[in-house]
Amino acid sequence: MPDKPMIAIEGVNKFYGIYKALDNVSLDIAAGEFFSLLGPSGCGKTTLLRSIAGFDTPTEGDIRIDGQSVIGVPPNRRPTNMVFQNYAIFPHLNVEENVAYGLKRLKLDAAEERRRVAAALEQVRLGHLGKRRAHELSGGQRQRVALARALVMRPKVLLLDEPLSALDKKLREEMQVELRTLQRAVGITFILVTHDQYEALALSDRIAVMFGGQIAQVATPKEIYQRPNTRQVADFLGGMNFMKARVTNETATRISVETPRFGGVTVDKPLGFVARNGAATIGIRPERLRVLWDDAHSDFEVAGKVVDRHYFGEITHLIVDIPGLEQPLSVSETNNFGADDIPVGDTVRLAYDPDALVAVAD
Amino acid sequence: MSGRHGIPKSRWLPAYVGLYLLFLYFPILLLPIFSFNNASTTTFPLAGFTTKWYASLWGNSAMLEAARNSLIVGISVALLSTILGICAARALTRYRFRGKKPATGLIMAPLFLPEIIVAVSLLMVLLQLGLELSLVTVILGQVIFCLPYAMSVLISGFDGFDRSLEEASLDLGETAIGTFRRVTLPVVAPAIVSSLLVSFTVSLDEFILAFFLSGTEPTLPVYIWGQLRFAAKLPGVLALGSLMLLISILLLTLSEIIRRRAEHRLRAQGAQHA
Ligand SMILES: Nc1ncnc2c1ncn2[C@@H]1O[C@H](COP(=O)(O)OP(=O)(O)OP(=O)(O)O)[C@@H](O)[C@H]1O
Ligand SMILES: [Mg+2]
């Protein structure tokens, strides 16, 4: 973490009546970072974003933007701009007027204003639609107008509340690439709210995963995927096979466990880990299990019977019942070698890398 | 199986609709026809075309006085009901509060109450309070009566108003007052204009309250009522009535056009992320 964060959130609580929408949230976001808030519906992502923008006021705690506390500062005097979930394009203005809306307050000379509006529209590739009204635009175009309207203000921080969730899958994927490219080009700090884990993984420098108003983990996409702190985080990001394992040794940073079928391993201790009755929860991602074909062998393998099979085009999910495990394993195998042809009822051998096993807090 | 095709269309339906419309509009159509008829009685056959009845209106100072009264009342009522309606409609569409349903019901109730009862009760109250009957009392009475009309137009306009538009404006650096002027007002302006036109029209045509509360200053409908006693004045009344009819239709059409265009704009916007 760089020493001077662009956004510093400290011990923020937000109550709606007795309902705690934000629970002791602390977070530092660096300048120029593409940061995502990821979590299920209702976990408080929007509330946190709106608190940064100034539309919601934390009940307790402090928010600093570029070193300045913004508690009590109204939205119109914060160096942030927001892209709203429904885009909130002004219906009585055309595209250019929408983009120029905020600039009008700055009293620029007319030529300068026109230049900045044109540049912003060019940036989002809408140069040719300047005279259109909001209702004459497609969803993707509206999203771009909202982006241009915010970026033209040159904010220190751009806040985006699920900007892509209203778009169809293909357009959404296109816009994800554009968003990332745009962020690199302008170098502004982006905070993106999303409940789509792939979006967060693909776009972000770092991700904060939230549940029930609390931040469960903050890390880079790779870290958060490979080393999820808690069972909930692991499950929310892509799914994981869990098993109970007996703790044989515990140090400050590592724990050793004896698993039911995966032997004895020593793994990193997750933050907030406590052994319950001497047991730990160990997990392995479905794609870290590989089917062993014919007489191939591995030093680390388990065997079991295929009880179900789900076809997904390029991959197949096999549900494999391993004797001695409480739950069958979910295995994600590419179809290059014929995983989609393995009959239900067959016995398969699965290879794994012991490094792929992780401990998670419950 | 008629279920699959819905209710079978009756051959009699077009005939029924035709008769219904005739019954509804034929008497009204007679009004302009006789107002151009060169005779002082309203009987067929027509006696030739004339505009003299219209011309005679200009010289009629009592009529002009009543028209002026109607204009004063209409404009005041339109402004007052619309301003009150804006406050109420904004509260009803934006906030949740206790007693919202009953409050809405009570505001809308004058639409369904017998107007003559409302008029009599208002008269009693005003007399108890010792207030002189004047245009002011007509205005007060009609505001109560016009408010539901203004409200229903305004509520449908404000319902389409997306709160995040105001937030977006604040977010872009505009002040609260600036936001009201640059976003809120323009977006709901069609509903406001529509409400003004509708209230004005309802007030212009309203008779019972005006009759009870106007004292010695008649509005146009009250003036017309007074004239009906004199057979000779009938053609003039017909001309006046035709003019009022025309104005009412024009205003209501205008208001409906404005309302529809605004609704289309908002609907198209909402459809994208519905
Ligand atoms: N104005 C409010 N009054 C009362 N409760 C609220 C209010 N706004 C939000 N909440 C509650 O706070 C919680 C967090 O809401 P928030 O909108 O931040 O969730 P979210 O993570 O953005 O969810 P989503 O993905 O569905 O948008 C929710 O349980 C919600 O019901
Ligand atoms: Mg949200």
Side-chain angles (χ1 to χ4, degrees), chain A residues 46 49-50 52-56 74-93 97-107 133-143 145-146 148-155 157-159 161-167, chain B residues 86 89-90 93-98 153-195 257-274:
Chain A
T46 298
L49 202 71
R50 291 172 57 87
I52 298 172
F55 296 116
D56 284 343
N76 51 334
R77 290 210 232 106
R78 294 193 185 196
T80 58
N81 281 112
M82 182 133 161
V83 174
F84 289 79
Q85 180 160 10
N86 62 5
Y87 311 143
I89 309 293
F90 302 125
H92 59 297
L93 303 177
E97 292 162 340
N98 261 281
V99 175
Y101 186 90
L103 294 179
K104 291 273 186 263
R105 294 271 315 166
L106 304 182
K107 305 260 185 291
R133 290 286 182 114
H135 66 267
E136 297 164 336
L137 298 174
S138 75
Q141 289 165 342
R142 298 148 72 80
Q143 199 265 349
V145 175
R149 188 176 68 178
L151 283 173
V152 80
M153 301 306 292
R154 300 180 182 156
V157 182
L158 186 71
L159 308 167
D161 191 356
E162 308 211 22
L164 307 179
S165 64
L167 308 180
Chain B
I86 287 173
R90 196 167 157 99
T93 50
R94 172 155 303 178
Y95 305 107
R96 275 179 290 168
F97 52 88
R98 274 176 58 154
V153 172
L154 289 166
I155 283 180
S156 79
F158 285 18
D159 256 345
F161 186 83
D162 182 350
R163 181 100 197 255
S164 59
L165 292 178
E166 289 176 338
E167 288 185 345
S169 166
L170 286 176
D171 188 67
L172 291 166
E174 189 53 271
T175 59
I177 295 169
T179 295
F180 185 75
R181 190 174 57 78
R182 291 179 67 193
V183 174
T184 318
L185 216 49
V187 174
V188 299
I192 292 174
V193 172
S194 195
S195 159
I257 290 172
I258 292 172
R259 200 186 60 78
R260 287 218 187 142
R261 276 187 29 194
E263 197 174 77
H264 169 76
R265 214 166 60 180
L266 285 174
R267 173 111 24 92
Q269 185 206 16
Q272 293 288 343
H273 44 78

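The structure presented is a predicted model; accordingly, all values stated were derived computationally and were not measured.
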Residue pair [X] / [Y]: nearest heavy atoms and the distance that separates them:
X         : Y         : result
Leu172(B) : Ala150(A) : CD2-CA, 4.5 Å
Asp162(B) : Asn86(A)  : OD2-ND2, 2.6 Å
Phe84(A)  : Ala168(B) : CE1-CA, 3.5 Å

Point-to-point distance, once rounded to the nearest 0.5 Å, from CG of Asp171(B) to CZ of Phe55(A)
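The distance works out to 4.5 Å.
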
Nearest-0.5 Å distance that lies between atom CZ in Arg50(A) and atom CD in Glu167(B):
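With rounding to 0.5 Å, CZ (Arg50(A)) is 4.0 Å from CD (Glu167(B)).
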
Looking at side-chain heavy atoms only, is the closest gap between Leu93(A) and Pro186(B) below 4.5 Å?
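Contact flag for Leu93(A)/Pro186(B) side chains = no.
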
Test of understanding: with side-chain contact (heavy atoms from CB on, under 4.5 Å), list the residues that count as partners of Ser169(B), not counting sequence neighbours.
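Once residues adjacent in sequence are excluded, the partners of Ser169(B) under the side-chain contact (heavy atoms from CB on, under 4.5 Å) criterion are Phe90(A), Tyr101(A), Glu174(B), Thr179(B), Val183(B).
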
According to side-chain contact (heavy atoms from CB on, under 4.5 Å), who are the partners of Asn76(A), at least two apart in sequence or on a separate chain?
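Counting only residues at least two positions away or on another chain, Asn76(A) forms a side-chain contact (heavy atoms from CB on, under 4.5 Å) with Pro74(A), Thr175(B).
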
Heavy-atom contact with chain B under 4.5 Å, split by part of Arg78(A):
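Contact with chain B: none, neither part.
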
Where on Met153(A) is there a heavy atom nearer than 4.5 Å to chain B: the side chain, the backbone, both, or neither?
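Just the side chain, heavy atoms under 4.5 Å.
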
Taking side chain as everything from C-beta outward and backbone as N, CA, C, O, which of these in Arg182(B) sits under 4.5 Å from a heavy atom of chain A? Side chain, backbone, both or neither.
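Answer is both: backbone and side chain atoms of Arg182(B) are under 4.5 Å from chain A.
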
